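Inspection log for the structure reproduced underneath, given as structure tokens.
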Amino acid sequence: MYSFAYRLYPNRSQTLALEWQLELHRELYDSAIEERREAWRRSRVSVNYYLQANQLKAVRETRREFAEINYSACQQTLRRVNKAFQNFFRRIRLSQTPGCPRLKSRARFNSISFVFGNGAARSYGRLKIQGIGAIKVKWHRPIPPDTRIKQVILHRKVDRWYATFQIELPKLTGPQHQGEPVGIDLGLRNLLALSNGELIQTPRYHLQSERKLRVQQRRVSRRKQYSTGWRKAARLVARTHSHIASQRRDLAHKLSRRLADRFCLIAVEDLPIKGLSRTRLSKSVHDAGWAQLLLLLDYKVENTGSRVISVNRHLTSQLCSNSGIIVKKDLNVHPHVCPNCGLVLDRDVNAARNILKLALNSLGRSDGSITWADTPSVLPEAVLSSEQSRHW
């Protein structure tokens, strides 16, 4: 299942209709959660999706506003409630932090799901929604013709609306990728360091917007909470954060596509991203967007014949990629200088070469075991000889 997101441009009346439907679905969501809670609290009765879905007809007869919105979309909202409780019970069974499903405020309920062809359809280059009309869409890329659209999710982000098409793409079985293998080291100084010597610097989008955010957040703090001026100032802050996230997502899409199209094997290290995001480097880690980049890379290699392999990160920065001996260095030491073989190159590129050798070595062994004794001979000479750092 793939998702194609597009920006919507509703007019004023369509925006009001979207807000009205969103509020009705939020009311339905909260009522379904409250019904399940009360049934269990009073009678120890577990209410499931089918019991609540069977009540929809009675609700639509007594509440005329619910009769005006799509019936299937209401079912999707009830399925959303059911999925929230299923995940809640699953986390309890796994002894994780359960996080009981809670009621949604207007600020926390921002999406409606439609089954494509039942309340949502494409009509003359626009998206037609039941009860709203034909909405203008920015088709920045075409939907492949040989696909099946399953759902359309209308999503409100700040004061903008988007449509996400969930589609099924046929699995491509093309020729094997003819590119070369590459190892990638993720970092904060350099977002990506490739084993062939290429360096891609971290753009630091949040750092570039910190001064603007500081002024906007100061404006929010000086206004009375929940007043009209406070809401306008808070909306500006949300727009800035949304723009930063869009910049980061755009870079991740472009980089992952170029890597998937260019290399047949992509070796990455198993970084503890979740743990690093809780340290003093959390702001820089979130700004780099490693998890998003790796997630996009995983699905983009599926239809290119390429492959992503994750290897153990232990000692990849300390080992010399040429001689295999350990060269200890602190985090603030950027060049790698080997006293044994005289190799001098960027420490991130050295780590990327070690990552690639680990991946190639693991593929060459039937049992999947990895040792450092024979890793220098595994890497192709064409990759080992490249020592010039280039920028994309």
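All values derive from a computational prediction rather than experimental measurement.
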For Arg64, does the CZ atom have more than 12 heavy-atom neighbours from other residues, nucleotides or ligands under 6.0 Å away?
no
Asn11 backbone acceptor or donor facing Gln14 side chain under 3.5 Å:
yes
Looking at side-chain heavy atoms only, is the closest gap between Arg36 and Asn82 below 4.5 Å?
yes
Examine the side chains of Arg79 and Gln76 and answer whether a donor and an acceptor come within less than 3.5 Å of each other.
yes
For residues 330-340, run the donor-acceptor check on the side chains, cut-off 3.5 Å, and write out each pair with its distance to 0.1 Å, sequence neighbours left out.
residue : atom : partner : partner atom : Å
His334  : ND1  : Arg189  : NE           : 3.2
His336  : ND1  : Lys329  : NZ           : 3.2

Quick one: does Val81's side chain get under 4.5 Å of Pro101's, heavy atoms only?
no
Determine whether Phe263 and Ile184 make a side-chain contact, defined as any pair of heavy atoms from C-beta on separated by less than 4.5 Å.
no
Please round to the nearest 0.5 Å and tell me the distance separating atom NZ of Lys232 and atom CZ of Arg223.
9.5 Å
Should the heavy atoms of other residues, nucleotides or ligands under 6.0 Å from CZ of Arg307 be counted, would the total exceed 12?
no
Heavy-atom check, side chain of Val115 versus side chain of Gln75, under 4.5 Å
no
Which value, rounded to the nearest 0.5 Å, describes the distance between Asp30 atom CG and Leu103 atom CG?
4.5 Å
If you define the side chain from C-beta out and look only at heavy atoms, does anything of Lys224 sit under 4.5 Å from Trp230?
no
Quick one: which residue pairs count as a ring-ring contact (aromatic ring centres under 6.0 Å, His included) with a foot in residues 66-123, not counting sequence neighbours?
Tyr29-Phe109
State, yes or no, whether a side-chain contact exists between Trp290 and Val268 at a heavy-atom distance under 4.5 Å.
no
Taking C-beta and beyond as the side chain, do Ser321 and Leu343 meet within less than 4.5 Å on heavy atoms?
yes
Is the number of heavy atoms from other residues, nucleotides or ligands within 6.0 Å of CZ (Arg218) greater than 12?
yes
Separation of Ile153 CD1 from Phe165 CZ (nearest 0.5 Å):
11.0 Å
What distance separates Leu8 CG from Lys136 NZ, expressed to the nearest 0.5 Å?
11.5 Å
For residues 245-253, tabulate all N or O donor-acceptor pairs below 3.5 Å that involve a side-chain atom, not counting sequence neighbours.
residue : atom : partner : partner atom : Å
Ser246  : OG   : Ser242  : O            : 3.0
Ser246  : OG   : Arg249  : NH2          : 3.3
Arg248  : NE   : Asp287  : O            : 3.0
Arg248  : NH2  : Asp287  : OD1          : 3.0
Asp250  : OD2  : Lys254  : NZ           : 3.1
His253  : ND1  : Lys300  : NZ           : 3.0

The side-chain hydrogen bond (donor to acceptor under 3.5 Å, both in side chains) partners of Arg126 (sequence neighbours excluded) come to none
Closer than 3.5 angstrom, by distance alone: can the side chain of Asn350 be matched with the main-chain N or O of Leu319 as a donor-acceptor pair?
yes
So does Arg160 have more than 12 non-hydrogen atoms from other groups sitting under 6.0 Å from CZ?
no
Rounded to the nearest 0.5 Å, how far does CG of Leu56 lie from CZ of Arg63?
12.5 Å
To the nearest 0.5 Å, how far apart are CG in Leu255 and CG in Leu293?
6.0 Å
Strictly distance-based, threshold 3.5 Å: is any side-chain N or O of Thr77 a donor or acceptor partner for the main-chain N or O of Ala73?
yes
Closer than 3.5 angstrom, by distance alone: can the side chain of Trp161 be matched with the main-chain N or O of Thr15 as a donor-acceptor pair?
no
Heavy-atom distance under 4.5 Å between the side chains of Leu213 and His241, does that happen here?
yes
Is there a path of hydrophobic side-chain contacts, each under 4.5 Å between heavy atoms, that joins Ile149 and Tyr162?
no
Qualifying residue for side chain to side chain donor-acceptor pair (under 3.5 Å) with Ser111, from His25, Arg80, His155:
Arg80
For Asn70 and Asn118, which I'm curious about, is there any donor-acceptor pair between the side chains at under 3.5 Å?
yes
Looking only at side-chain N and O atoms, does Asn190 offer a donor or acceptor that is under 3.5 Å from a partner on Arg347?
no
Salt bridge (charged side-chain N to carboxylate O under 4.0 Å, His left out) partners of residues 91-101, not counting sequence neighbours, each pair once
none
For Gln217, all residues meeting side-chain hydrogen bond (donor to acceptor under 3.5 Å, both in side chains), sequence neighbours excluded:
none
